[in-house]
Amino acid sequence: MKLKGFYSSLIAIAIPVMLQNLLQTFVNMLDTIMIGRLGSIEIAAVGLGNQVFFVLNMVLFGISSGGGVFIAQYWGKKEISGIKKSLGIMITLSTGVAAIFTVFCLVIPHQILHLYSPDPDVIKVGGDYLRLVCLSYIPTALTFAYTHAFRGTERVKLPLVCTSLSLVTNALTNYILIFIVGWGVKGAALATLFSRVVELIIILSWSYGHKYEACGNLKELISFDWVFIGKFVKIALPVILNETMWGLGITVTNAIYAHAGTDAITAVNITGTISQLTWVFCMGFGNGMSVIIGKKIGEGKTEIAQGYAKRSLWFMPSVGAVMGLCLWPLSYLLPVFFNVSPEIIKTAKSMLVVLMFCYPFNSSCMNWVVGVCRAGGDTIFSAVAELVTMWGYAVPVGFLATFVFGLPVVWIYICISSENVLKTIIGLIRVLSGKWLHDVTR
């Protein structure tokens, strides 16, 4: 079967998403790199403070990704009312969750960070950062919902422009508040808040001004009934639980690294910051794959959707392998960006080498979970597979490596990262079976 238009359709969506994710990564990196000029305590504090946002981000991604299944398939049918109802549920759930996170971070920020690290200096600095940066959670949640709705309807340029402007705003305010005013991590938090608000204002004013398909008035956004809510929950709830529990699993593994020492978690945060520069390309193709497969299912072209899915099985690991190779030259830039000890730099370099070999597997998992199974409404299977491998394998192995065997942090990193090899095998079997494909809009 010929799959005409596969690459052109994928690239048309993936490239703007990649660029947006890349710019978003730069926004996040600015905090880390500028704080990195202050010292290892500040890097560890901001890194752990951002673990709370990481959990929120996973919940928001779960809500938006679950809603994106409906939006992409409704877009294939050109059923605009369904798109608006899906976005309305996404907004309601996202802002509600963000509000809960905001309240907890305002009231008990230091107690939350104590769950991650025993270091009192890290907890103090990180708590001050968290109490301010949490004010950006609700604007971020709204931006998240609209951005994913626009991706599902192939309106990918506006989120890219908004993120570009957010980057410039964040860079300027970061520099002024951290170095000129001298507010340190508090300045970084305020800069993040300001840039998120600016991003939200631009994305709402432009999209409604130009009458994007997903943009509805309040009545249209809340026009969903209990039947529609039931359909949405059936598909989206496994995704939300999946991303939430997976995010919690990642924070638990970061807590494991933190208990291996402040230098260890600092090296992990540095590794994560650098790797984001290349991982955005895998994310872009994964999200693009989800849109084009979901759209074909909505159009009733299930054979083409199956063909796209099978082609992705070799395409995405290849992308991961190429992006992984880019980590090697990036590892030599660590001393330029981070003012930490040579030992921490050496550890972070070793982790990047490990990650380089893991990238084809990581990209494969991103593809079959987000790009294929969720596009086909196969959210329960992918959720179970991810949670079993995370909580049944990665977390226990990381715990044993740290607290029982006392291995060096690089070996702990290898043990935890090996989870994706197992998950890749599970995904390969599922996609080839064809059992992942469902039309959720019927």
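In this structure, the side chain of Thr147 does not engage the main chain of Phe144 through any donor-acceptor pair within 3.5 Å. Put simply, the side chain of Thr169 gets close to the backbone of Leu165: a donor and an acceptor are under 3.5 Å apart. At least one donor-acceptor pair under 3.5 Å links the side chain of Asn254 to the backbone N or O of Ile250. Not one N or O on the side chain of Ser64 forms a donor-acceptor pair closer than 3.5 Å with the backbone of Phe61. Under a 3.5 Å cut-off, the side chain of Ser364 and the backbone N or O of Phe361 do not form any donor-acceptor pair. Under a 3.5 Å cut-off, the side chain of Gln73 and the backbone N or O of Ala375 do form a donor-acceptor pair. Proximity of a side-chain donor or acceptor of Thr244 to a complementary backbone N or O of Leu241 within less than 3.5 Å is not detected. A donor-acceptor pair under 3.5 Å is formed between the side chain of Thr153 and the backbone N or O of Phe150. Checked by atom type and distance alone, the side chain of Ser166 never pairs as donor or acceptor with a backbone atom of Cys162 at under 3.5 Å.
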For residues 278-289, please give each side-chain donor-acceptor pair under 3.5 Å, one per line with the distance, not counting sequence neighbours.
unit_1 : atom_1 : unit_2 : atom_2 : d
Thr278 : OG1    : Ser275 : O      : 3.0
Thr278 : OG1    : Tyr359 : OH     : 2.9
Asn287 : ND2    : Met283 : O      : 2.8

Enumerate, atom names and distances included, each donor-acceptor pair closer than 3.5 Å involving a side-chain atom of residues 385-398, sequence neighbours excluded.
unit_1 : atom_1 : unit_2 : atom_2 : d
Glu386 : OE1    : Asn242 : ND2    : 3.2
Glu386 : OE2    : Lys423 : NZ     : 2.8
Thr389 : OG1    : Ala385 : O      : 2.9
Thr389 : OG1    : Glu386 : O      : 3.0
Thr389 : OG1    : Glu419 : OE2    : 3.2
Trp391 : NE1    : Met245 : O      : 3.0
Tyr393 : OH     : Ser418 : OG     : 2.7

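With respect to the salt-bridge test (charged N to carboxylate O, under 4.0 angstrom), the residues Lys295 and Glu154 qualify. Using a cutoff of 4.0 Å between basic side-chain nitrogens and carboxylate oxygens, Glu343 and Lys346 are not scored as salt-bridged. Between Asp378 and Lys435 there is no salt bridge, since none of the side-chain N atoms of the basic residue sits less than 4.0 Å from a carboxylate O of the acidic one.
The side-chain hydrogen bond (donor to acceptor under 3.5 Å, both in side chains) analysis of residues 87-99, with sequence neighbours excluded, yields no pairs. Under the side-chain hydrogen bond (donor to acceptor under 3.5 Å, both in side chains) criterion, no residue pair touches residues 397-407, with sequence neighbours excluded. Among residues at least two apart or in separate chains, there is no ring-ring contact (aromatic ring centres under 6.0 Å, His included) pair with a member in residues 412-442. Contacts classified as side-chain hydrogen bond (donor to acceptor under 3.5 Å, both in side chains) and involving residues 313-334 (residues at least two apart or in different chains) are not found.
The salt bridge (Lys or Arg N to Asp or Glu O under 4.0 Å) check on Lys349 picks up nothing, with sequence neighbours excluded. In this structure Thr262 satisfies the side chain to side chain donor-acceptor pair (under 3.5 Å) test together with Asp119, sequence neighbours excluded. With sequence neighbours excluded, the residues forming a side chain to side chain donor-acceptor pair (under 3.5 Å) with Tyr146 are Tyr208, listed by chain and number. Residues forming a salt bridge (Lys or Arg N to Asp or Glu O under 4.0 Å) with Glu79 (at least two apart in sequence, or on another chain): none. Looking at residues two or more places apart in sequence or on another chain, you find no side chain to side chain donor-acceptor pair (under 3.5 Å) involving Tyr257. Val239 is linked by a side chain to side chain contact (heavy atoms under 4.5 Å, CB included) to Ser65, Glu243, Arg374, Thr379, counting only residues two or more places apart in sequence or in another chain.
Geometrically, Lys77 does not engage Trp75 in a cation-pi contact defined by less than 6.0 Å to the ring centre and at most 45° from the axis.
At a threshold of 4.5 Å between non-hydrogen side-chain atoms, the residues Tyr308 and Val372 do not count as touching. Under the 4.5 Å side-chain criterion, counting only non-hydrogen atoms from C-beta, Tyr212 is not in contact with Ile83. The side-chain heavy atoms of Ile304 and Lys296, taken from C-beta on, include a pair separated by under 4.5 Å. No side-chain heavy atom of Met323 sits less than 4.5 Å from a side-chain heavy atom of Ser363.
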What's the verdict on side chain to side chain contact (heavy atoms under 4.5 Å, CB included) for Ser164 and Val168, showing C-alpha distance, side-chain angles and the deciding distance? CA-CA 7 Å; Ser164 303; Val168 174; over 6 Å; no
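Distance CD1/Ile344 to CG/Asp263: 3.5 Å, rounded to 0.5 Å.
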